[in-house]
Amino acid sequence: MVSKINCMTITGIDVVPVVVETDVCNGLPSFDMVGLLASDIKESRERVRTAVKNSGYLIPPKRITINFSPGNIRKNGTYFDVAVAVSILHALGIVTCDLSDKLFIGELSLNGELVKINGALPMILQAAEMGMKQCFIPVENLGECSFIQNIEVLGVRNLNEIVMILSGGHIYSEKVSLPDTKQGFLDDFKNVRGQELAKKAAEIAAAGMHNMLMVGPPGTGKTLIAKTMPSIMPDMTREEQIEISKIQSIAGVLDGGLAEHRPFRSPHHTTTVAAMIGGGVNPKPGEITLASGGILYMDEFPEFSRSAMETLRQPLEEGQIQISRTGGVYRFPAEFILLASMNPCRCGYYPDRNRCSCTEHDVKKYMEKVSGPIMDRIDLCTHMNPVGFHELQADGDSEDSMTIRRRVCAAVQIQRKRYQKESIRYNSELSGERLKRYCALGKEERELIQKIYEMFHLSVRGYEKLLKVSRTIADLKGKQDITAQDITEALTFRVQN
């Protein structure tokens with residue numbers, strides 16, 4: 001008898017259904033596994049055999065053939081162990097119930113216990129869409145899947161529990177204690193002294209999901225503002241929460257339940273291209289994808305390698321990364337806020353000639369480390385000067401993060417209502433006809449932006465970004481139409497090429 005068990009494999013961030021087929025017949029004793037398998041699956045053969053034996057079940061000396069269908073998709077990972085073990089037990093007649101509407105995922109230890117895996121959340125979501133009724137997963141993965149409806153998710157500790165449940169025995173029910181992820185932020189904008197223009201730029205960036213660059217000497221608060229910005233980011237919709245959680249689940253960084261906060265990734269400037277975009281034979285999410293839905297903070301921006309910086313071009317423009325390998329094409333989401341900071345020169349103190357000895361050529365050469373195409377993709381730029389002593393000692397003048405966040409959330413709600421029939425969510429995603437429709441200008445505003453376009457020699461992309469930032473500023477003020485004042489304010493944050 002051929003046993004068929006449902007399982008899943010992950011390619012990039014996409015989930016592909018896999019059927020584990022097992023045949024046990026007379027012949028020379030063997031244990032063969034086929035179906036375009038990676039080495040980690042082939043190694044599971046002895047692990048599964050030992051786990052089944054230590055769970056109290058005898059595998060007779062027969063010819064065992066296991067096929068992973070479809071055979072044209074490469075499989076990797078350790079989450080096939082449980083499916084292979086159950087398929088063997090089903091083929092031997094130890095498990096006799098119908099398994100066609102059940103999913104089995106998990107890694108086995110040598111004593112038959114199930115080990116936590118990465119990627120359980122997207123696999124179970126896919127199973128629910130396919131109409132499956134039950135899913136067996138390691139009990140440690142139960143927390144991240146507890147919210148899923150239309151499928152019964154069973155967290156089990158070992159192989160014996162699975163057999164007992166499939167045989168009609170008692171289902172052990174355990175309460176899942178989720179970690180307290182709804183903790184407040186350590187950094188608050190009320191602790192940021194001075195730099196009112198930079199704080200306003202951060203508010204605009206958070207409200208419209210705009211990219212932002214901070215330029216200033218060391219110690220002016222660039223890193224502090226970057227680390228504080230998550231405290232004013234808007235609430236996630238349920239759809240965004242699930243998308244972010246799926247990525248974190250695959251990467252193995254999801255802690256218990258669904259993600260409660262937008263991601264904040266801050267890679268070091270020595271980070272490689274592969275680490276930024278994802279890599280490996282079967283590409284895994286990189287820093288850009290892990291920041292999707294949140295913030296990618298690149299401190300000391302010019303110190304990143306040119307190749308690492310240039311990898312941002314496609315994601316910033318298209319909101320996704322496409323990686324081609326011999327095994328196929330992988331697409332990763334990349335809808336994030338690029339938050340970058342840099343010094344004005346190599347020593348960091350230009351134009352203070354009392355401390356900076358860089359020549360004009362040195363300054364220009366340092367700024368040119370960031371290419372024009374990358375700078376053209378940045379919506380907001382703010383120059384930060386050293387904070388004066390009187391600003392440092394001021395009491396109670398700074399707004400706290402909660403106050404700013406209320407304005408950001410109100411502006412985001414305006415955008416969600418405006419774009420509810422569109423395939424976009426935020427002002428930063430406007431383009432083409434949508435830009436004309438939602439950023440329509442009056443006569444005075446058209447004349448102003450024409451003067452700006454000609455005076456500053458804007459590119460088409462620069463012109464569109466000025467419009468989109470103006471739209472977000474108007475939303476923060478609760479206004480339906482973009483005014484000349486909004487355009488002028490947006491101009492103060494224009495990137496100086």
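Positions are given from 1, in the same order as the sequence printed here. These numbers come from the heavy atoms of this one structure, side chains and all, not from hydrogens, waters or symmetry mates.
You'll find the side chain of Asn343 reaches within 4.5 Å of the side chain of Lys222, heavy atoms only. Inter-residue side-chain proximity for Ser401 and Thr228 is flagged as met; some heavy-atom pair is nearer than 4.5 Å. Side-chain contact between Arg425 and Met209: absent, with no pair of heavy atoms (C-beta onward) separated by less than 4.5 Å. For the pair Glu287 and Pro267, the minimum side-chain heavy-atom distance is below 4.5 Å. For the pair Tyr79 and Asn118, the minimum side-chain heavy-atom distance is 4.5 Å or more. When side chains are defined from C-beta on, Val48 does not count as touching Val82, because their heavy atoms never get closer than 4.5 Å. Residues Met8 and Met130 meet the side-chain proximity criterion, which asks for heavy atoms closer than 4.5 Å. The shortest side-chain heavy-atom distance between Val469 and Ile204 falls under the 4.5 Å cut-off.
Residue Gln149 places its CD atom among 12 or fewer non-hydrogen atoms of other residues, nucleotides or ligands, all under 6.0 Å distant. The environment of NZ in Lys190 is sparse: at most 12 heavy-atom neighbours from other residues, nucleotides or ligands sit within 6.0 Å. Atom NZ of Lys479 has more than 12 heavy atoms from other residues, nucleotides or ligands within 6.0 Å. Counted within 6.0 Å of NZ on Lys436, heavy atoms from surrounding residues, nucleotides or ligands total 12 or fewer; the atom is thus considered open. Atom NZ of Lys200 sits in a crowded spot, with more than 12 heavy atoms from other residues, nucleotides or ligands closer than 6.0 Å.
Side-chain contact of Ser423 with Arg434: a donor-acceptor pair under 3.5 Å is present, judged by distance alone. Looking at Ser87 and Glu21, their side chains never bring a donor and an acceptor atom within 3.5 Å of each other. In summary, the side chains of Asp486 and Ser470 do not present any donor paired with an acceptor at a separation below 3.5 Å, with no hydrogens or angles considered. Side-chain atoms of His210 and Thr472 form a donor-acceptor pair, as typed in the model, at a separation below 3.5 Å. A side-chain donor-acceptor contact under 3.5 Å links Ser249 and Glu144. Using modelled atom types and a 3.5 Å distance limit, the side chains of Tyr438 and Glu422 yield a donor-acceptor pair. In the model, Ser341 has a side-chain atom that pairs as donor or acceptor with a side-chain atom of Tyr297 under 3.5 Å.
In this structure, Ile165 CD1 and Cys97 SG are separated by 10.5 Å, a value rounded to the nearest 0.5 Å. Taken to the nearest 0.5 Å, the CD atom of Glu260 stands 11.0 Å off from the CG atom of Asp255. If you take CG on Leu338 and CD1 on Ile378, they are separated by 5.5 Å, rounding to the nearest 0.5 Å. Rounding to the nearest 0.5 angstrom, the gap separating the CG atom in Leu466 from the CD1 atom in Ile482 is 9.5 Å. Remark: Lys75 NZ to Cys7 SG distance equals 11.0 Å, nearest 0.5 Å. To the nearest 0.5 Å, atom CZ of residue Arg265 and atom CE of residue Met276 are 10.5 Å apart.
Test Arg407, Arg405, Arg406 against Glu203 for salt bridge (charged side-chain N to carboxylate O under 4.0 Å, His left out) and you get one pass: Arg407.
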Exercise. Where do Tyr419 and Asn427 land on the side-chain hydrogen bond (donor to acceptor under 3.5 Å, both in side chains) test, with the steps shown first?
Worked result: CA-CA 9 Å; Tyr419 306 133; Asn427 291 332; 2.6 Å; yes
Exercise. For Arg416 and Glu240, what are the C-alpha separation, side-chain angles and deciding distance, and is it a salt bridge (charged side-chain N to carboxylate O under 4.0 Å, His left out)?
Worked result: CA-CA 13 Å; Arg416 287 173 180 165; Glu240 288 178 310; 3.4 Å; yes
For this session: Walk me through it: do Lys227 and Asp187 pass the test salt bridge (charged side-chain N to carboxylate O under 4.0 Å, His left out)?
Result: CA-CA 7 Å; Lys227 290 183 177 180; Asp187 298 298; over 6 Å; no
Exercise. Is there a side-chain contact (heavy atoms from CB on, under 4.5 Å) between Tyr330 and Gln322 once you walk through the steps?
Worked result: CA-CA 6 Å; Tyr330 303 85; Gln322 181 171 300; over 6 Å; no
Exercise. Is there a salt bridge (charged side-chain N to carboxylate O under 4.0 Å, His left out) between Glu429 and Lys468 once you walk through the steps?
Worked result: CA-CA 9 Å; Glu429 302 174 65; Lys468 289 186 278 190; over 6 Å; no
For this session: Test Leu154 against Ile137 for side-chain contact (heavy atoms from CB on, under 4.5 Å), laying out the working first.
Result: CA-CA 6 Å; Leu154 302 175; Ile137 62 172; over 6 Å; no
For this session: Decide side-chain hydrogen bond (donor to acceptor under 3.5 Å, both in side chains) for Thr11 and Asp14; before the verdict, give the C-alpha distance in whole Å, the side-chain angles of both, and the deciding distance to 0.1 Å.
Result: CA-CA 5 Å; Thr11 58; Asp14 296 323; 4.9 Å; no
Problem set entry | Residue pair Glu464, Ser431: steps toward the side-chain hydrogen bond (donor to acceptor under 3.5 Å, both in side chains) verdict | CA-CA 8 Å; Glu464 291 181 346; Ser431 62; over 6 Å; no
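With respect to Arg157 and Glu140, no salt bridge is recorded, no charged nitrogen being found less than 4.0 Å from a carboxylate O. Using a 4.0 Å cut-off between a side-chain N of Lys or Arg and a carboxylate O of Asp or Glu, Arg437 and Glu433 do not qualify as a salt bridge. Salt-bridge formation is not detected for the pair Glu243/Lys246: no Lys NZ or Arg NE/NH1/NH2 atom is positioned less than 4.0 Å from an Asp or Glu carboxylate oxygen.
Phe104 and Phe136 have parallel rings, their planes meeting at less than 30° on a 0 to 90° scale where 60° marks the start of perpendicular.
Partners of Phe336 according to the ring-ring contact (aromatic ring centres under 6.0 Å, His included) rule, which considers only residues two or more places apart in sequence or in another chain, do not exist here.
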